[in-house]
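So you know, we letter chains A, B, ... as the sequences are listed, proteins then strands, and number each from 1.
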Number of protein chains: 2
Amino acid sequence: MPRKLSPEKREQFLDSALNLFVANGVKNTSTAAIAKDAGTASGTFFLYFPTKQDLINELVTQIGRQQSEYITSLLAASLSVWETFFTIWYGSIRWFLDNREAYQYFRQVRDSGLIAPEVVRESEQYFEYYYQAIQRGLNEDLIKPYPMELIGSLLYQDIVAVMNLLTAEPDPDQQENLIQFGFSIFWDGIKTE
Amino acid sequence: MPRKLSPEKREQFLDSALNLFVANGVKNTSTAAIAKDAGTASGTFFLYFPTKQDLINELVTQIGRQQSEYITSLLAASLSVWETFFTIWYGSIRWFLDNREAYQYFRQVRDSGLIAPEVVRESEQYFEYYYQAIQRGLNEDLIKPYPMELIGSLLYQDIVAVMNLLTAEPDPDQQENLIQFGFSIFWDGIKTE
DNA sequence: ATATAATGAGTGAGCAGTCAGTCATTATAA
DNA sequence: TTATAATGACTGACTGCTCACTCATTATAT
């Protein structure tokens with residue numbers, strides 16, 4: 001971990017890389033292009049990141065961490081189970097909409113084989129609050145007793161399903177509808193009668 | 001479109017490419033490696049495909065077409081709406097399990113930016129039966145009146161959610177459970193009361 | 001004999017990562 | 001205070017390698 005070397009410039013590299021990766025693809029973005037965009041010479045890149053792969057990985061974990069921090073900041077113990085799920089749903093989509101490049105990068109890279117499986121697994125740790133919510137729902141008999149991973153996996157993929165539609169839907173009212181409808185379908189699927 | 005040049009060899013190139021793409025990633029697989037695996041010299045590749053990109057694209061559409069053909073072969077007009085949805089669900093997962101490489105390639109490539117948007121759109125045409133099923137369900141008031149694209153998008157992503165779990169679950173009984181449970185959640189989400 | 005299929009060495013472009021050297025800043029010495 | 005030394009962030013030309021695609025030549029089929 002570099003402790004010298006301005007942290008601002010480090011962020012600048014991550015920012016520029018995210019831009020270029022989303023615009024042109026990871027493999028089509030050279031480290032030289034990232035350095036240029038960040039306003040440094042090509043060699044400077046490697047003072048901040050030992051390899052290109054390290055930056056690719058760090059972007060993934062950074063995104064996971066930032067989204068996780070945002071969601072958990074919204075969650076309070078006083079919320080009901082339904083409110084908790086809705087907060088996760090709405091908050092995740094909100095954060096993705098406010099960080100579209102992060103969303104696109106995450107999707108682009110997650111199943112691409114560009115990331116070592118260990119890094120993917122590490123980034124999954126940031127979904128811990130999913131399973132706390134599911135556990136509460138199961139304890140309180142509010143959701144059907146299906147395997148936790150199944151419910152978690154469906155929650156995530158349903159959010160993706162809605163996000164994919166939202167990126168093609170400019171009208172805010174329609175966007176709001178899709179978010180609400182999507183959650184209704186998810187919740188009706190898992191709730192007990 | 002090459003009309004001479006043995007179609008079998010063409011298939012061989014597509015087969016070899018799918019293997020290698022899934023094992024090593026598209027960008028890390030050279031046309032020379034594909035040619036070698038297919039048992040020809042490196043230059044022969046370009047007699048069958050003008051560019052590497054053409055092969056990448058053709059694999060996507062081929063997979064879409066083959067899966068679509070399999071599913072529609074299962075669908076009969078006599079099926080109820082529930083049966084139709086279940087057949088799509090079960091058939092899609094069955095086909096993906098029997099063609100795991102195709103599944104992995106599809107996932108890897110779909111959001112990667114490696115495919116021109118037009119080709120992605122073209123491959124979406126193979127999901128036509130989704131929307132016929134949804135339309136029927138809406139007509140017969142069996143599913144809630146949400147936008148068709150939302151239901152379609154959720155259906156697809158729910159299948160992906162289950163597939164992702166299945167690839168890590170070796171026990172066939174547990175696999176069967178996940179498939180059934182997953183469908184229950186999806187159906188309970190969209191059905192009218 | 002002629003057309004078509006196949007070959008594989010060759011070409012040029014692109015890229016990750018290196019390294020010898022520059023220069024502004026900071027530490028030390030007088 | 002001022003001269004000198006040390007530091008380390010920064011530079012960019014360079015290297016070695018990979019790869020998509022070409023083409024002159026050879027093999028095969030009819």
Side-chain angles (χ1 to χ4, degrees), chain A residues 1-60 105 108-109 112-116 119, chain B residues 1-62 105 108-109 112-116 119:
Chain A
M1 280 298 138
R3 272 282 55 88
K4 308 70 147 319
L5 299 174
S6 100
E8 297 80 26
K9 189 155 283 178
R10 216 182 136 72
E11 275 307 311
Q12 182 58 59
F13 277 120
L14 289 162
D15 264 21
S16 295
L18 183 58
N19 276 321
L20 294 169
F21 283 170
V22 169
N24 310 321
V26 174
K27 283 278 184 179
N28 292 325
T29 301
S30 66
T31 56
I34 297 169
K36 187 179 179 187
D37 190 273
T40 75
S42 64
T44 310
F45 178 92
F46 294 97
L47 297 178
Y48 289 84
F49 301 92
T51 69
K52 185 185 181 184
Q53 188 63 50
D54 284 291
L55 177 141
I56 295 171
N57 293 348
E58 188 160 330
L59 262 183
V60 171
Y105 179 73
Q108 179 181 125
V109 131
S112 67
L114 289 171
I115 306 280
V119 178
Chain B
M1 280 297 140
R3 273 281 58 86
K4 310 72 151 313
L5 298 174
S6 100
E8 296 81 26
K9 189 156 284 178
R10 217 183 135 73
E11 275 307 311
Q12 183 58 58
F13 277 120
L14 289 162
D15 264 20
S16 295
L18 183 58
N19 276 321
L20 295 170
F21 284 170
V22 170
N24 310 321
V26 174
K27 281 278 184 181
N28 291 325
T29 302
S30 65
T31 55
I34 297 168
K36 187 179 177 188
D37 190 273
T40 74
S42 63
T44 310
F45 178 92
F46 294 95
L47 296 178
Y48 290 83
F49 301 91
T51 69
K52 185 185 181 183
Q53 188 63 50
D54 284 291
L55 176 140
I56 294 171
N57 294 348
E58 188 159 330
L59 262 184
V60 172
T61 59
Q62 191 191 58
Y105 179 73
Q108 179 181 125
V109 132
S112 67
L114 289 171
I115 306 280
V119 178

N or O in side chain of B:Tyr48 less than 4.0 angstrom from C:dA6 OP1/OP2: yes

A:Lys52 side-chain proximity, nearest of D:dC10, C:dG17, D:dC21: C:dG17

Separation of C:dC19 P from A:Phe45 CZ (nearest whole Å): 18 Å

Plane angle bin for A:Phe13 and A:Phe45 - parallel if under 30°, tilted between 30 and 60°, otherwise perpendicular: perpendicular

Sugar-phosphate only, base, or nothing, as touched by B:Lys36 at under 4.0 Å among non-hydrogen atoms: nothing

Closest listed nucleotide, where the reference is the side chain of B:Leu47 and the choices are D:dC21, D:dC10, C:dA6: C:dA6

Separation of atom CD1 in A:Ile34 from atom C1' in C:dG17, rounded to whole Å: 13 Å

Between P of C:dG14 and CG of A:Asn24, the distance in whole Å: 14 Å

N/O (side chain, A:Thr31) to phosphate O (OP1/OP2, C:dA16) under 4.0 Å: yes

Nucleotide of D:dT11, C:dG8, D:dA20 approaching B:Ser30 most closely (side-chain heavy atoms): D:dA20

Protein-nucleotide distance (B:Leu5, atom CG; D:dA27, atom P), rounded to Å: 20 Å

Integer-rounded Å distance: C:dT7 C1' and B:Lys9 NZ: 11 Å

Interatomic distance, B:Leu55 CG vs D:dC19 C1' [rounded to whole Å]: 15 Å

Separation of atom CD1 in B:Ile56 from atom P in D:dA20, rounded to whole Å: 9 Å

Phosphate-side-chain proximity, B:Lys27 and D:dT18, N/O vs OP1/OP2 below 4.0 Å: no

Integer-rounded Å distance: D:dA20 C1' and B:Phe13 CZ: 14 Å

Inter-residue atom distance A:Asn28.CG - B:Leu114.CG, 0.5 Å rounding: 7.5 Å

Which nucleotide in C:dA5, D:dT22, D:dA9 has an atom nearest any side-chain atom of B:Phe46: D:dT22

Shortest non-hydrogen separation from A:Leu14 to A:Glu58 and the atoms involved: CD1-OE2, 4.1 Å

Phosphate contact (C:dA6 OP1 or OP2) by B:Thr40 side-chain N/O below 4.0 Å: no

Any side-chain donor near an acceptor of the partner, B:Asn19 and B:Ser16, under 3.5 Å: no

Interatomic spacing from CG in A:Leu59 to CZ in A:Phe49 - rounded to 0.5 Å: 7.5 Å

